[in-house]
Amino acid sequence: MKNNLFLDAAFSKQTERPPVWMMRQAGRFMPQYWEIKNKYSFLEMCKTPEIAADVTMLPVDLLNIDAAILFCDILVTGEAMGGDLSFTQGVGPKFANPVRSAQDIDNLNVDCLDELQYVADAIKVIQQRLNGSIPLIGFAGAPFTVMSYLIEGGSSKDFKLTKLFIHNQPELAHKLLAKIAKVTADYLNLQIAAGVNAVQIFDSWALALSWNDYQEFSHRYIQEIIANLNRKDIPVISFCKGSSVFAPIMAEAKPDVISVDWNADLLNIKNALPQGIAVQGNLDPHILYADKSVIKAQIHKLFERMRGTEGFIFNLGHGIMPDIPFDNVKYAIDVVREFRY
């Protein structure tokens, strides 16, 4: 690997500067993304290896980041299991056959890796194009987050149906989560076999859960997934909205990196974690709307706070919003790349 900064930091080694990549770095804030998106549906983009590679490479070519992340979606596991998935502009993902009963859960297939072969094919194309320049991150949605979409039938503001399901029918919820966890571990191992250099687990909606519910309905399944990964030389990143609260539990699953939202002091989180767990984050993405002088000052403030810390990857506390100016994202990455401890 020509640029080892990301992998070194993920394995808690000292680096000359923090490596940088950003969640949703290949996405709607880029005019070049829309040139592709206007020709194909979102699922066509995910399922056509050459197109997925084109999108994955956009931030590599245009932003000069230290790690690429596979272009795909966290819900492809739900679709592979039998969910009728679609994406509508301005609406988001929808499952036309939401999971609400024991029969619905029984109908979900766990032997579905063949349905996800297009992801392995995309990884191989991307790695050919990267040609050892920077690492490629694979990813999957965490079981609770994927379950919430399957139960709600799409996005939700309050997760009412999901929370009723876990409280009124916990045995069924665990049966569903166990199925998703099995598929997720198999899927991440498929990505590792295909050639990714790291993996990230996204629990985007963990913040909907109480402390006890997070332990029971999210953490135990992430722990199970990580324990079943072929992770030799492959760092595992655990991310959730709520990591500023749940980080102590997340550490029990033994990831290599915990990705932290922007609601916490990153150094305090790092110092409270077991030695050998790196941190990723945690700039508030809204700062990227601000003047460039503010962006630079906020990044430098974070870096000074983290000075001397081994195992620090710069990222946002969540993904880039679609209307953040491209030039501001590019400037932020340039600020990181120019920094030296």
Side-chain angles (χ1 to χ4, degrees), residues 21-63 65 67-97 108-109 111-141 145-146 149-150 154-155 180 183-184 186-202 204 319-320 322 326 329:
W21 72 280
M22 294 184 181
M23 289 181 274
R24 296 202 201 117
Q25 66 187 15
R28 293 171 290 175
F29 72 101
M30 287 183 163
Q32 296 84 353
Y33 173 88
W34 283 105
E35 289 174 15
I36 300 170
K37 178 70 179 72
N38 288 335
K39 297 176 186 174
Y40 307 98
S41 72
F42 182 74
L43 280 174
E44 279 180 308
M45 292 165 69
C46 293
K47 293 183 177 184
T48 309
E50 292 289 342
I51 300 172
D54 288 343
V55 181
T56 300
M57 292 299 294
L58 287 176
V60 179
D61 298 333
L62 300 171
L63 295 174
I65 35 77
I69 185 166
L70 168 71
F71 178 75
C72 198
D73 191 82
I74 62 170
L75 297 181
V76 296
T77 48
E79 182 189 43
M81 294 173 74
D84 184 359
L85 177 64
S86 63
F87 289 84
T88 305
Q89 188 68 38
V91 177
K94 289 284 182 186
F95 281 106
N97 55 340
L108 293 174
N109 180 23
D111 298 316
C112 56
L113 274 196
D114 287 351
E115 299 291 325
L116 295 163
Q117 183 59 39
Y118 62 87
V119 177
D121 294 341
I123 289 165
K124 290 168 185 173
V125 175
I126 296 162
Q127 286 290 32
Q128 285 175 350
R129 296 200 196 174
L130 287 172
N131 193 28
S133 56
I134 57 173
L136 174 63
I137 304 167
F139 70 92
T145 289
V146 174
Y149 281 99
L150 286 170
S155 301
I180 300 170
V183 171
T184 306
D186 289 347
Y187 175 51
L188 288 172
N189 281 329
L190 173 82
Q191 294 183 35
I192 291 167
V196 297
N197 307 106
V199 293
Q200 178 158 316
I201 299 169
F202 284 87
S204 305
I320 300 171
F326 174 86
V329 178

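- Rounded to the nearest 0.5 Å, atoms CZ (R28) and CD1 (I320) are 11.5 Å apart.
- Side-chain contact between C72 and F139 is present, with at least one heavy-atom pair separated by less than 4.5 Å.
- The two residues A26 and V55 come nearest to each other via the heavy atoms CB-O, 3.3 Å.
- The side-chain heavy atoms of M30 and L63, taken from C-beta on, include a pair separated by under 4.5 Å.
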Inset, instruction - List the steps, then state whether side-chain contact (heavy atoms from CB on, under 4.5 Å) holds for M22 with I65. - result: CA-CA 8 Å; M22 294 184 181; I65 35 77; 5.8 Å; no
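- A donor-acceptor pair is defined here as one N or O able to donate and one able to accept, closer than 3.5 Å; such a pair exists between the side chain of N97 and the backbone of D84.
- Using a 4.5 Å heavy-atom threshold, the side chains of L43 and S86 count as separate.
- Considering all non-hydrogen atoms of both residues, V60 and A68 come closest at CG2-CB, 3.8 Å.
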Extract all donor-acceptor atom pairs below 3.5 Å that involve side chains of residues 130-137 and protein atoms in other chains or at least two apart in sequence.
from : atom 1 : to   : atom 2 : distance (Å)
S133 : OG     : L130 : O      : 2.7

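- With a 4.5 Å cut-off on side-chain heavy atoms, M23 and W21 count as touching.
- For the pair F29 and R24, the tightest heavy-atom approach, listed with the atom from each and the gap, is CE2-O, 3.4 Å.
- The two residues A52 and A122 come nearest to each other via the heavy atoms CB-CB, 4.0 Å.
- Taking both residues in full, the closest heavy atoms of G141 and T184 are given as O-CG2, 3.7 Å, listed atom of the first, atom of the second, then distance.
- In this structure Y187 satisfies the ring pair (Phe, Tyr, Trp, His ring centres under 6.0 Å) test with no other residue, sequence neighbours excluded.
- Remark: I126 CD1 to E50 CD distance equals 10.0 Å, nearest 0.5 Å.
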Considering only distance and modelled atom types, tabulate donor-acceptor pairs under 3.5 Å from the side chains of residues 73-83, sequence neighbours left out.
from : atom 1 : to  : atom 2 : distance (Å)
D73  : OD2    : L75 : N      : 2.9
T77  : OG1    : I74 : O      : 3.4
E79  : OE1    : K47 : NZ     : 3.0
E79  : OE2    : K47 : NZ     : 3.1

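- Inter-residue side-chain proximity for D54 and M45 is flagged as unmet; no heavy-atom pair is nearer than 4.5 Å.
- Counting only heavy atoms from C-beta outward, the side chains of E44 and I51 never approach each other to under 4.5 Å.
- A donor-acceptor pair under 3.5 Å links the side-chain atoms of Q127 to the main chain of G195, judged by distance alone.
- Heavy atoms from other residues, nucleotides or ligands lying under 6.0 Å from CG of N38 number more than 12.
- The distance from atom CG of L150 to atom OG1 of T145, rounded to the nearest 0.5 Å, is 11.0 Å.
- With a 4.5 Å cut-off on side-chain heavy atoms, L58 and Y33 count as touching.
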Legend entry - side-chain contact (heavy atoms from CB on, under 4.5 Å) assessment of L188 paired with I201: CA-CA 9 Å; L188 288 172; I201 299 169; 4.0 Å; yes
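- Proximity of Y40 to T48: side-chain heavy atoms (C-beta onward) are nowhere separated by under 4.5 Å.
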